[in-house]
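Proteins come first, then strands; the chains are lettered A, B, ... in the order of their sequence lines, and each starts at number 1. All values reported here derive from a predicted model rather than from experimental measurement. Worth knowing before you read on, the calculation uses all heavy atoms, side chains too, and leaves out hydrogens, waters and symmetry mates.
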Amino acid sequence: DIQMTQSPSSLSASVGDRVTITCRASQSISIYLNWYQQKPGKAPKLLIYAASNLQSGVPSRFSGSGSGTDFTLTINSLQPEDFATYYCQQYYSPPYTFGQGTKLEIK
Amino acid sequence: QVQLVQSGAEVKKPGASVKVSCKASGYTFASFDINWVRQATGQGLEWMGSMIPNNGNTRYAQKFQGRVTMTRSTSISTAYMELSSLTSEDTAVYYCARGTGRFDPWGQGTLVTVSS
């Protein structure tokens, strides 16, 4: 199975900050990488697909980059509604594994 | 709008089975895979498997092989996930999600509690 490792596991930031979350795959997954946002008690929501493509309706302050084994999710100018947990997911080969999550908290 | 609506919470005893439904609307049900993902309380996301509604073909994560069955009823645009031989380790929220690769949208989740 492909292991996905996110860092950091948790992060404190302030409204207006720029934050970056990284995701590393245990083998090359080309660009087959998605990012999701999950708020407490809610289902995950797709933010970025195929490493860098913004899902329809997602604010442009979210962006993704990377290929191969190393990926990043960047959020520019944090808004109050962005404080949540973020997961990466590979879909290069099944089982479609997720990272362990990064909890973004208000400083 | 595209929507997946899941069945309600379940409480099961160890050793029992549970069957969760996921009703699709707003798109052609046969055209997109349905995935099942679970999340134990306070834990991360775990992909269980997927099904192609068009032909019923399934792909299960090795961890759940022999214990999970994914089916569908195309006439009512509904997918099902049945998990057998439940233990307390299966207590989790179970989600369905549409898509091959990118999962969007997701159902609201179904809490399955396994307790004696």
Side-chain angles (χ1 to χ4, degrees), chain A residues 1-10 21 23 25 29-58 62 64 67 71 73 84-105, chain B residues 1-7 9 20 22-24 26-27 32-52 57-68 70 81 92-112:
Chain A
D1 298 0
I2 298 174
Q3 307 302 314
M4 306 301 293
T5 304
Q6 289 180 232
S7 60
S9 295
S10 62
I21 299 169
C23 179
I29 58 170
S30 184
I31 60 166
Y32 296 99
L33 189 283
N34 300 323
W35 289 98
Y36 299 88
Q37 175 193 68
Q38 187 179 34
K39 296 182 179 179
K42 299 295 186 182
K45 172 188 172 184
L46 178 66
L47 299 176
I48 302 285
Y49 64 93
S52 62
N53 294 275
L54 193 66
Q55 175 69 356
S56 176
V58 174
F62 291 91
S67 66
F71 301 87
L73 172 70
T85 300
Y86 293 85
Y87 293 93
C88 61
Q89 176 223 359
Q90 66 83 18
Y91 60 102
Y92 180 80
S93 69
Y96 301 129
T97 43
F98 294 83
Q100 81 278 15
T102 295
K103 187 173 184 179
L104 178 55
E105 298 175 304
Chain B
Q1 75 282 22
V2 176
Q3 196 174 6
L4 299 176
V5 178
Q6 298 182 222
S7 49
V20 179
C22 171
K23 183 171 178 59
Y27 73 98
F32 295 85
D33 293 5
I34 293 288
N35 298 268
W36 290 90
V37 176
R38 77 176 186 180
Q39 184 173 40
T41 303
Q43 302 301 307
L45 301 165
E46 182 175 33
W47 181 80
M48 301 177 67
S50 61
M51 181 194 62
I52 303 172
N57 284 357
T58 55
R59 172 179 279 162
Y60 302 140
Q62 181 78 14
K63 175 177 179 176
F64 300 100
Q65 284 276 3
R67 233 174 29 105
V68 70
M70 296 176 187
M81 186 283 299
V93 175
Y94 290 76
Y95 294 102
C96 59
R98 186 189 76 158
T100 304
R102 53 172 155 158
F103 297 170
D104 179 72
W106 295 54
Q108 83 277 19
T110 297
L111 174 62
V112 175

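- More than 12 heavy atoms of other residues, nucleotides or ligands sit less than 6.0 Å from atom CZ of B/R67.
- By number of non-hydrogen pairs under 4.5 angstrom with chain B, the leading residue of A/P44, A/A50, A/A43 is A/P44.
- Closest heavy-atom contact between A/P94 and B/W47: CB-CH2, 3.9 Å.
- Within the 4.5 Å cutoff, side-chain heavy atoms of A/Q89 are placed close to those of B/F103.
- Residues A/F98 and B/V37 have side chains in contact (heavy-atom distance under 4.5 Å, counting atoms from C-beta outward).
- By the 6.0 Å contact criterion, OH on B/Y27 is enclosed, its count of non-hydrogen atoms from other residues, nucleotides or ligands being greater than 12.
- Residues B/W106 and A/Q38 have side chains not in contact (no heavy-atom distance under 4.5 Å, counting atoms from C-beta outward).
- The environment of A/Y91 atom OH is dense: over 12 non-hydrogen atoms of other residues, nucleotides or ligands sit within 6.0 angstrom.
- The nearest pair of heavy atoms linking A/Y87 to B/Q43 is OH-O, 3.6 Å.
- Atom CD of B/Q62 sits in a sparse spot, with 12 or fewer heavy atoms from other residues, nucleotides or ligands closer than 6.0 Å.
- Note that the CZ atom of B/R102 and the CG atom of A/N53 stand 7.5 Å from one another [nearest 0.5 Å].
- The residue among A/Q55, A/K45, A/K42 with the most heavy atom pairs within less than 4.5 Å of chain B is A/Q55.
- Contacts of A/Y96 with chain B are made by both backbone and side-chain atoms, with heavy-atom separations under 4.5 Å.
- Residue contact with chain B, scored on non-hydrogen atoms closer than 4.5 Å, involves the side chain of A/Y36 exclusively.
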